[in-house]
Colleague: 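The structure under discussion is supplied below as structure tokens; questions concerning it will follow.
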Amino acid sequence: MALINAIQGVGLGLKRELIPQIQALYQDSSIANINFVEIAPENWIGAGGKAEQDLAWFVERYPIVCHGLCLSLGGPDPLNVNFLKQVKSFLAQHKIPLYTEHLSYCSDIQNGKAGYMYDLLPIPFTDEAVHYVAERIRQTQDILGQRIAVENASFYVAAPISTISEIEFINAVLTEADCDLHIDINNIYVNSVNFGFDPHAFLRQIPGERIVYGHMAGHYQEAPDLLVDTHGEPIIDPVWELLKSAYQLFGTFPTLLERDTNIPPLPLLLPELNKIAALQNAC
Amino acid sequence: MLDFQKYQIAFTAHIRDPKVNAKPTNANNKRIAVYREIVFNNIFGSVSACFPVCQQVLGKRAWLKLVKQFFAQHQASTPIFREIPQEFLKFLSAEKALPAYFQQLAHYEWVELAVNMQAVQTPKTSKVTDLLNEIPVLAPASMLLEYDYPVQKISARYKPKSIEKTYLFVFRNLHNKVKFIELNPITFQLLKLTTENNMPCEQALIRLAEHLQHPDIDAVIKFGLEILQDLANQEAIIGSTKK
């Protein structure tokens with residue numbers, strides 16, 4: 001595994017709603033299993049006022065990971081180098097050791113003009129796309145002067161032009177870019193239902209040596225064959241089973257709970273954090 | 001352009017404006033519908049949260065139509081989420097079909113978010129020593145604003161029909177609360193003169209009195225000083241500094 005010293009144990013995605021609750025319970029044994037937190041740079045870069053103060057509070061007390069949403073590694077428009085430079089100085093300023101992104105795209109070109117869509121869209125799985133995305137990951141790592149990890153993304157519609165499978169695509173990109181993997185366990189499960197494959201077989205093909213950390217989350221079942229990755233529900237049993245298998249296959253790795261919509265009070269999230277910790281301790 | 005990129009662009013064109021752009025050939029319609037929904041809803045949520053009064057003024061249906069048009073036609077250039085409303089303002093500036101006051105109302109609604117999140121250098125400890133002979137130091141996160149309409153009064157029930165100049169000072173206080181102060185035209189000019197030109201208040205007030213051909217310069221200075229003191233009491237002015 002490609003672990004980073006500062007990032008260990010169990011993490012929680014830092015949402016604004018949760019900030020005052022974590023601050024109020026800081027050093028309370030009930031939240032002892034929050035070992036690190038994750039933020040989206042797109043929410044925090046250049047923010048002043050209360051947000052800036054909150055960030056400073058967490059920087060002093062918790063290891064932080066940046067998990068980006070808008071770099072658009074698979075996007076048709078040029079990589080946003082100015083933004084990457086902002087990310088670089090943000091990481092340096094707050095001593096954030098790790099930046100991860102998605103194997104997806106969130107921008108396009110219409111009438112010759114680039115534009116953001118602000119959501120994660122599926123890259124068609126072709127050899128051309130592998131080379132293109134790997135090159136942009138390399139470019140990103142060059143600009144940042146550090147390795148990044150990319151996350152396997154959830155998606156809902158298969159590109160009819162795809163010529164390889166998702167796992168082939170992921171592995172080819174990781175190898176060609178020589179970057180790390182931010183493994184999202186829920187996304188493997190969501191995609192396995194949406195596209196009818198065996199998530200455990202998929203997991204066995206993951207290059208464990210590249211894992212930096214993992215994500216766990218809940219999803220919304222829109223139809224028996226369609227799951228939407230809302231991060232708004234409790235984690236379901238098959239996803240827990242998949243995490244257990246991942247720990248057995250690769251050894252434990254730091255794992256973070258994402259809850260982005262329908263956010264309950266912090267005490268209701270703690271059982272899921274504690275369960276991740278228990279699985280890690282049992283391995 | 002590479003083949004997979006042609007597909008991507010057809011895919012996003014369809015999501016942006018499904019009525020105009022057909023989905024990519026052979027893409028599953030039921031599945032692509034998920035993207036039509038979640039991508040737009042995300043943008044709609046970000047924009048609507050910033051512009052509640054604009055929404056009320058137009059009504060739900062027209063607002064939905066406007067945000068759909070924004071998503072279909074505007075290529076947003078920022079990856080920073082809180083700047084999405086700014087992209088909406090850019091889009092509005094090219095929209096001719098809206099009421100004259102609408103853009104300014106939208107700007108006014110955006111100001112609260114902008115000042116709330118404005119990143120500023122922490123000022124060197126500043127205190128008010130001499131408001132008349134020094135230059136006032138304004139709250140660092142702030143905007144001095146001039147509108148053609150009384151934007152702060154607009155609602156579904158009140159839509160201005162004619163121009164009525166409106167001046168505001170919007171700032172974030174020491175407790176990170178955004179405050180709005182309506183200014184009279186002289187105070188607006190005074191703050192503009194002192195802060196933009198680094199001019200001590202008394203000098204600025206004399207210049208304003210001359211400009212207004214006011215018969216009693218001392219009265220103008222006295223009036224100005226009272227106002228400055230009031231702004232300092234409200235933490236809009238946090239100090240004063242020598243030239």
Side-chain angles (χ1 to χ4, degrees), chain A residues 40-53 68-72 74-77 80 82-83 86-87 105-129 131-132 155-162 194 222-223 226 228-230, chain B residues 1-13 15-17 21 23-35 37-43 45-46 71-84 87 114-122 140-141 172 175-178:
Chain A
E42 293 83 355
N43 278 327
W44 297 88
I45 285 176
K50 180 74 167 57
E52 191 179 13
Q53 290 172 6
L69 292 158
C70 285
L71 188 58
S72 204
D77 53 324
N80 189 337
N82 281 337
F83 171 62
Q86 282 179 289
V87 170
Y105 69 109
C106 73
S107 56
D108 70 348
I109 301 175
Q110 300 295 340
N111 303 315
K113 199 163 182 257
Y116 283 96
M117 312 277 289
Y118 306 108
D119 229 313
L120 303 173
L121 306 171
I123 304 169
F125 304 137
T126 70
D127 292 331
E128 244 178 12
H131 305 318
Y132 180 84
F155 62 107
Y156 314 112
V157 62
I161 62 164
S162 288
N194 290 350
E222 188 158 312
L226 178 58
V228 181
D229 186 23
T230 53
Chain B
M1 188 164 285
L2 303 168
D3 281 344
F4 83 93
Q5 293 179 316
K6 288 178 195 153
Y7 171 86
Q8 287 179 307
I9 284 168
F11 184 82
T12 58
I15 293 183
R16 284 182 185 275
D17 201 350
N21 307 306
K23 68 178 176 64
T25 321
N26 296 330
N28 180 317
N29 187 52
K30 197 183 110 195
R31 295 302 187 84
I32 214 168
V34 177
Y35 288 99
E37 203 175 306
I38 59 174
V39 181
F40 176 72
N41 285 350
N42 185 24
I43 303 241
S46 300
F71 183 47
Q73 296 170 3
H74 183 79
Q75 291 295 100
S77 64
T78 177
I80 306 293
F81 292 128
R82 72 173 168 284
E83 292 174 357
I84 297 174
E87 295 286 345
V115 171
N116 189 35
M117 298 296 280
Q118 200 176 345
V120 291
Q121 298 282 332
T122 320
R172 194 169 74 215
H175 307 287
N176 286 317
K177 293 274 180 287
V178 177

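Sequence lines set the chain letters: A, B, ... in the order given, protein chains first and strands last, and positions in each chain run from 1.
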Colleague: Would B:Val34 and A:Leu226 count as a side chain to side chain contact (heavy atoms under 4.5 Å, CB included) here? Give the steps.
Modeller: CA-CA 10 Å; B:Val34 177; A:Leu226 178 58; 3.7 Å; yes

Colleague: Any sub-3.5 Å donor-acceptor pair from B:Gln8's side-chain atoms to A:Ser107's backbone N or O?
Modeller: no

Colleague: Heavy-atom distance under 4.5 Å to chain B: side chain of A:Ile109, backbone, both or neither?
Modeller: both

Colleague: Is it the side chain or the backbone of B:Ile43 that comes within 4.5 Å of chain A heavy atoms, both, or neither?
Modeller: side chain

Colleague: Return yes if some donor-acceptor pair links the side-chain N/O of B:Tyr7 with the main-chain N/O of A:Pro160 below 3.5 Å, else return no.
Modeller: no

Colleague: Got a donor-acceptor contact below 3.5 angstrom from the A:Glu128 side chain to the B:Leu2 backbone?
Modeller: no

Colleague: Can you tell me how far the NE2 atom of B:His74 sits from the OH atom of A:Tyr116, to the nearest 0.5 Å?
Modeller: 12.5 Å

Colleague: Could you check whether any side-chain heavy atom of A:Phe155 comes within less than 4.5 Å of a side-chain heavy atom of B:Arg31, counting everything from C-beta outward?
Modeller: no

Colleague: Where does A:Ala114 contact chain B at under 4.5 Å (heavy atoms): side chain, backbone, both or neither?
Modeller: backbone

Colleague: Please classify the contact of A:Asn194 with chain B as side chain, backbone, both or neither, using a heavy-atom distance under 4.5 Å.
Modeller: both

Colleague: To the nearest 0.5 Å, what is the distance between CD (A:Glu222) and CD (B:Glu37)?
Modeller: 6.5 Å

Colleague: Return the option, out of B:Ser46, B:Ala119, B:Pro79, with the maximum number of heavy-atom pairs under 4.5 Å with chain A.
Modeller: B:Pro79

Colleague: Using non-hydrogen atoms only, which part of B:Glu87 is less than 4.5 Å away from chain A: side chain, backbone, both, or neither?
Modeller: side chain

Colleague: Using a cut-off of under 4.5 Å on heavy-atom pairs, state which of A:Gly68, A:Cys106, A:Ala51, A:Ala159 scores highest against chain B.
Modeller: A:Ala159

Colleague: Side chain, backbone, both or neither: which part of B:Val39 has a non-hydrogen atom closer than 4.5 Å to chain A?
Modeller: both

Colleague: Answer yes or no: is there a side-chain heavy-atom contact under 4.5 Å between B:Phe11 and A:Val157?
Modeller: yes

Colleague: Rounded at 0.5 Å granularity, tell me how far CD in A:Gln110 sits from CG in B:Asn21.
Modeller: 7.0 Å

Colleague: Please assess B:Thr78 against A:Phe83 for the test side chain to side chain contact (heavy atoms under 4.5 Å, CB included), listing each intermediate value before the final yes or no.
Modeller: CA-CA 9 Å; B:Thr78 177; A:Phe83 171 62; over 6 Å; no

Colleague: So, A:Phe125 versus B:Phe4, ring centres under 6.0 angstrom or not?
Modeller: no

Colleague: Output the distance between atom CG (B:Asp3) and atom CG (A:Asp127), rounded to the nearest 0.5 Å.
Modeller: 12.0 Å

Colleague: Could you tell me whether a side-chain N or O of B:Asn42 sits under 3.5 Å from a main-chain N or O of A:Tyr118, the two making a donor and an acceptor?
Modeller: yes

Colleague: Measure the spacing between CG of B:Asn116 and NZ of A:Lys50 and express it to the nearest 0.5 Å.
Modeller: 10.0 Å

Colleague: Let's test your reading of the structure: which of B:Met1, B:Arg82, B:Gln118 forms the most heavy-atom pairs below 4.5 Å with chain A?
Modeller: B:Arg82

Colleague: Who wins among B:Thr25, B:Ile32, B:Ile84, B:Val115 for the most heavy-atom pairs under 4.5 Å with chain A?
Modeller: B:Ile84

Colleague: Is it the case that more than 12 heavy atoms not belonging to A:Asn111 sit under 6.0 Å from its CG atom?
Modeller: no

Colleague: Using heavy-atom distances under 4.5 Å, tell me whether A:Asn80 contacts chain B through its side chain, its backbone, both, or neither.
Modeller: side chain

Colleague: Under 4.5 Å heavy-atom distance to chain B, tell me which part of A:Leu71 shows up: side chain, backbone, both or neither.
Modeller: neither

Colleague: Does the side chain of B:Gln5 come under 3.5 Å of the side chain of A:Tyr132 through a donor N or O and an acceptor N or O?
Modeller: yes

Colleague: Counting C-beta onward and ignoring hydrogens, is there a side-chain heavy-atom pair between B:Arg16 and A:Asp108 closer than 4.5 Å?
Modeller: yes

Colleague: B:Phe71 versus chain A, heavy atoms under 4.5 Å apart: side chain, backbone, both or neither?
Modeller: side chain

Colleague: Looking at chain B, which one of A:Pro41, A:Pro122, A:Ala158, A:Ser162 has the largest number of heavy-atom pairs inside 4.5 Å, strictly under?
Modeller: A:Pro122

Colleague: Report yes if some heavy atom in the side chain of B:Ile15 is under 4.5 Å from a heavy atom in the side chain of A:Asp119; otherwise report no.
Modeller: no

Colleague: So which part of B:Thr12 gets closer than 4.5 Å to some heavy atom of chain A, the side chain, the backbone, both or neither?
Modeller: both

Colleague: May I ask you to test the B:Ile38-A:Tyr156 pair for a side-chain heavy-atom distance under 4.5 Å?
Modeller: yes

Colleague: Is the backbone of A:Lys113 close enough, under 3.5 Å, to the side chain of B:Gln75 for a donor and an acceptor to pair up by distance?
Modeller: yes

Colleague: With a 4.5 angstrom heavy-atom cut-off, could you sort out which part of B:Ala141 is near chain A: side chain, backbone, both or neither?
Modeller: neither

Colleague: Taking every non-hydrogen pair under 4.5 Å, which of A:Thr126, A:Ile123, A:Asn43 racks up the most with chain B?
Modeller: A:Asn43

